[in-house]
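Accompanying notes for the structure given below.
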Amino acid sequence: MTKLINVSLKTGLLTCLALFQLTAFASQDWAIHGFASQGIIQAEDNNFVSRDADDDISFDLTEIGINASYQWQPDIRFAGQLVYINGGNRYEEGARVDYLLMDWTLASDIDWQLNLYLGRYKNQHWLYSSTRDVPHTRPSAILPQSVYYDIFRDVALGSDGASLSYTRLTDIGEFDLLWSYGTSPISDSATTLLLSTTAGGDIDQDFTHQASIFYRPEGTSWQYGISLLDSDFKYSADANEGYFDADATSQRVMLNLLYNSQQWEFAAELFQERFFFDGFFTPDWSHDQKAQGFYAQGRYFFDEQLTFMLRYDRFDANKDDRKGTELERNTRIPAYFGYMYDTTVGLTYRFESNWQIQAEYHWLEGTARLAPAVVPDVWTNDSKNWQLWALQLMYWF
Amino acid sequence: MKVKIKQWLRLAPFCCFLYFPYFEAHSVQVIVNSSVPQKQLSASHLRRIFTVRHRQWANDLPIKVFVLAKNNVTHKNFCLQKLEVFPYQLEKIWGKLLFSGLGEPPLVLTDEKQMIEMVRKTPGAIGYVDSLPQDSGVEIMTMESSDD
């Protein structure tokens, strides 16, 4: 039944895309845009794409979206986007409202502007967080999992609540100050991806509180950023399951860097994430762990059509046990669940102004960023070293 | 070896002489609708407008931004000379705004003739051209020097 609903939603969205594309809808106040993409992907020896690790080449790499915006008053506009996404076991397949917000310019002058966003807004605090489902805006189909962990996708993508942005031009450069407070709905399948394949209860997010600053010094091609995240969750266990109610808190501090030149671009993000966890395994079980990670990514533009990408991504689940030796000794979970390193090369070819094909190959060591996050699937994910490749064709208007 | 470097250095001023007139000859002009209250802008202010970070003129009139296609030579010159950003950066910023709901990217026009026409008839409009005919009906925005 769910499959049927998903197929009809997908067909409906594609029809809408085709219709709007034919009429090229745009007026002074209204605008409609969209994107569609399909890819093939293969991950060996684990459940990254396929839950039962069947190793087959998978077509579970589909992203379709359509958005509209309406300028109601000079200072108030409305915008919304509907997406259908399928990433296999990476996140829940289906259609969803990606964002739906009121954008109100509260005040502005030539040097500054203050905006308030109400409704479902996207996470604007990291370099690729706001458009992580929009293929042509990303450097690769699979983003660095240290920062853009697909299992946390639903909670890191955006929230229902309020957000403020203040941008200011000064003599020393331009500043963006962003703040947001809201909650995200967490689906049943996201619960099993996060906790355990046998978790039968529900996760609720109490809130996500985020703030960030971006700074672009005058006369340079650099951008520096810092962002903070604080989020609380609650797990309500099902009466018939072996797990217990739980409370969890996630706190992240992240630095980011971006450099642009005529021929190449450099991007990096570095973070520490503290995770408190009470309950779940037993009512009085308690855990407090600090994870660390970063990625550094270079992109070289051969010309306007061809781009080469090289990236190194590293995640350590526990900064006091980077090799996972304590993890193995205390829990018998293999040490390679304590970290994940990913070296990626990618090639993007933009053969028309709105058409692009992207290919990438990942060499990975460790499985710390595979699902589920809390109770690792040691039977399915039994390879320390593994590889992943993807090829994706995308169109947008 | 030292002598050789000195000889080459003597040529340097001539290189500048050759280099700058080329740029001046192809200097892009920023044009606005006659309703726009602002008469002078710095490169940073112009960048804020074209990256959709600044959306209203001082008299609360919404800013309507028009651009030419990304492979158009005038667009490339405008990005490098006036905005001091690379065209791909601008495209990336617009894509991010558009697909995350934070803003509408500028409307892309086919040629300079259409650019002049649209800027002339749209209140609050801003655009750019390589050459502006007489009696075009649009105003030229004066650019502050980057030392300011």
Side-chain angles (χ1 to χ4, degrees), chain A residues 26 28 31 33-35 65 67 69 71 73-75 77-81 98-101 103 105 108-113 115 117 119-124 127-131 133-134 136-137 158 165 167 169-171 173-174 176 216 218-219 221 260-263 265 301 304 307 353 396, chain B residues 37-38 40-49 51-64 66 69-72 76 79-80 84-109 118 121-125 144 146-148:
Chain A
Q28 290 285 358
H33 296 274
F35 60 92
N67 69 53
S69 74
Q71 189 79 42
Q73 299 288 324
D75 52 355
R77 58 186 283 280
F78 295 92
Q81 179 161 276
D98 192 36
Y99 61 80
L100 185 64
L101 54 87
D103 170 1
T105 306
S108 83
D109 201 349
I110 187 76
D111 287 332
W112 60 272
Q113 183 166 307
N115 283 68
Y117 306 97
R120 178 169 293 179
Y121 57 81
K122 300 301 291 280
N123 171 5
Q124 301 282 346
L127 289 182
Y128 298 107
S129 54
S130 66
T131 55
D133 296 325
V134 188
H136 70 278
T137 66
S165 108
T167 69
L169 183 67
T170 69
D171 291 342
E174 198 173 18
D176 295 340
R216 290 175 289 279
E218 187 61 39
S221 296
N260 292 100
S261 84
Q262 180 108 37
Q263 291 300 126
E265 179 196 72
F301 312 113
E304 285 176 10
T307 304
S353 64
W396 66 97
Chain B
Q38 206 83 26
Q40 198 180 35
L41 284 172
S42 69
S44 310
H45 285 127
L46 195 67
R47 198 161 52 233
R48 278 178 67 77
I49 290 171
T51 54
V52 204
R53 282 197 178 86
H54 185 68
R55 298 190 221 155
Q56 283 177 314
W57 297 110
N59 57 0
D60 290 342
L61 187 68
I63 302 176
K64 294 278 180 194
F66 295 119
K70 81 175 188 79
N71 53 3
N72 183 296
K76 286 178 188 169
C79 288
L80 297 172
E84 296 165 12
V85 297
F86 303 107
Y88 78 87
Q89 278 178 282
L90 207 53
E91 202 185 18
K92 208 172 109 179
I93 293 167
W94 292 338
K96 203 170 159 178
L97 286 171
L98 170 61
F99 291 101
S100 69
L102 292 203
E104 195 54 36
L107 200 64
V108 182
L109 303 177
M118 289 296 281
K121 68 178 192 191
T122 313
E144 287 171 23
S146 51
D147 304 330
D148 287 348

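Residue numbers begin at 1 in each chain, while the letters A, B, ... track the order of the sequences. Source: prediction; values computed, not measured. The figures here come from the full heavy-atom set of this structure, side chains too, leaving out hydrogens, waters and symmetry mates.
- When each of A:S130, A:S108, A:G173, A:S261 is scored by its heavy-atom pairs under 4.5 Å with chain B, the top score falls to A:S261.
- Across all their heavy atoms, B:S100 and A:Q124 have their closest contact at OG-NE2, 3.0 Å.
- Going from atom CG of B:L97 over to atom OG of A:S69 covers 11.0 Å, rounded to the nearest 0.5 Å.
- Shortest non-hydrogen contact noted between B:G103 and A:R77 is N-NH1, 3.5 Å.
- The contact between A:T105 and chain B is made entirely by side chain atoms (from C-beta outward), counting heavy-atom distances below 4.5 Å.
- Both the backbone and the side chain of B:K96 come within contact range of chain A, with heavy atoms under 4.5 Å apart.
- For A:S221, there are no side chain to side chain donor-acceptor pair (under 3.5 Å) partners, not counting sequence neighbours.
- The part of B:Q89 that comes within reach of chain A is its side chain, from C-beta onward, which places non-hydrogen atoms under 4.5 angstrom from that chain.
- Residue A:Y121 does not touch chain B at all, counting heavy-atom pairs closer than 4.5 Å.
- Here the NZ-CG distance, from A:K122 to B:L102, works out to 9.5 Å after rounding to the nearest 0.5 Å.
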Exercise for the section: Step by step, work out the salt bridge (charged side-chain N to carboxylate O under 4.0 Å, His left out) result for A:E174 and B:R47. Expected result: CA-CA 10 Å; A:E174 198 173 18; B:R47 198 161 52 233; 5.2 Å; no
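- Contact of B:L61 with chain A is not made at all, since no heavy-atom distance falls under 4.5 Å.
- Looking at A:R216, the atoms closer than 4.5 Å to chain B (heavy atoms on both sides) all sit in the side chain, from C-beta outward.
- A:S129 meets the side chain to side chain contact (heavy atoms under 4.5 Å, CB included) test with A:N123, A:W126, A:Y148; sequence neighbours excluded.
- Nearest heavy-atom pair across B:D60 and A:P74 is O-CB, 4.3 Å.
- Ranking A:L100, A:T167, A:D75 against chain B, the residue ahead of the rest is A:T167, based on heavy-atom pairs under 4.5 Å.
- Contact of A:D109 with chain B is made through the backbone alone, with heavy-atom distances under 4.5 Å.
- Between B:L41 and A:I110, the closest side-chain pair of non-hydrogen atoms falls below 4.5 Å.
- By the 6.0 Å contact criterion, CG on B:N59 is enclosed, its count of non-hydrogen atoms from other residues, nucleotides or ligands being greater than 12.
- Listed here is the closest heavy atom pair of A:T131 and B:G95: CG2-O, 4.4 Å.
- Of the atoms belonging to A:Q81, it is side-chain heavy atoms, and not backbone ones, that fall under 4.5 Å from chain B.
- Contact check for B:H54 versus A:D111: no side-chain heavy atoms found under the 4.5 Å cut-off.
- A 4.5 Å side-chain heavy-atom check between A:N115 and B:R55 finds at least one atom pair inside the cut-off.
- Contacts of A:L169 with chain B are made by both backbone and side-chain atoms, with heavy-atom separations under 4.5 Å.
- No part of A:F78 comes within reach of chain B, as not one of its non-hydrogen atoms sits under 4.5 angstrom from that chain.
- Between B:R53 and A:D176 the shortest side-chain heavy-atom distance falls below 4.5 Å.
- Using bins of under 30°, 30° to 60° and over 60° for the plane-to-plane angle, the ring pair A:H136/B:F99 lands in the perpendicular bin.
- Between chain B and the residues A:D133, A:T137, A:D171, A:D103, the largest count of heavy-atom pairs under 4.5 Å involves A:D103.
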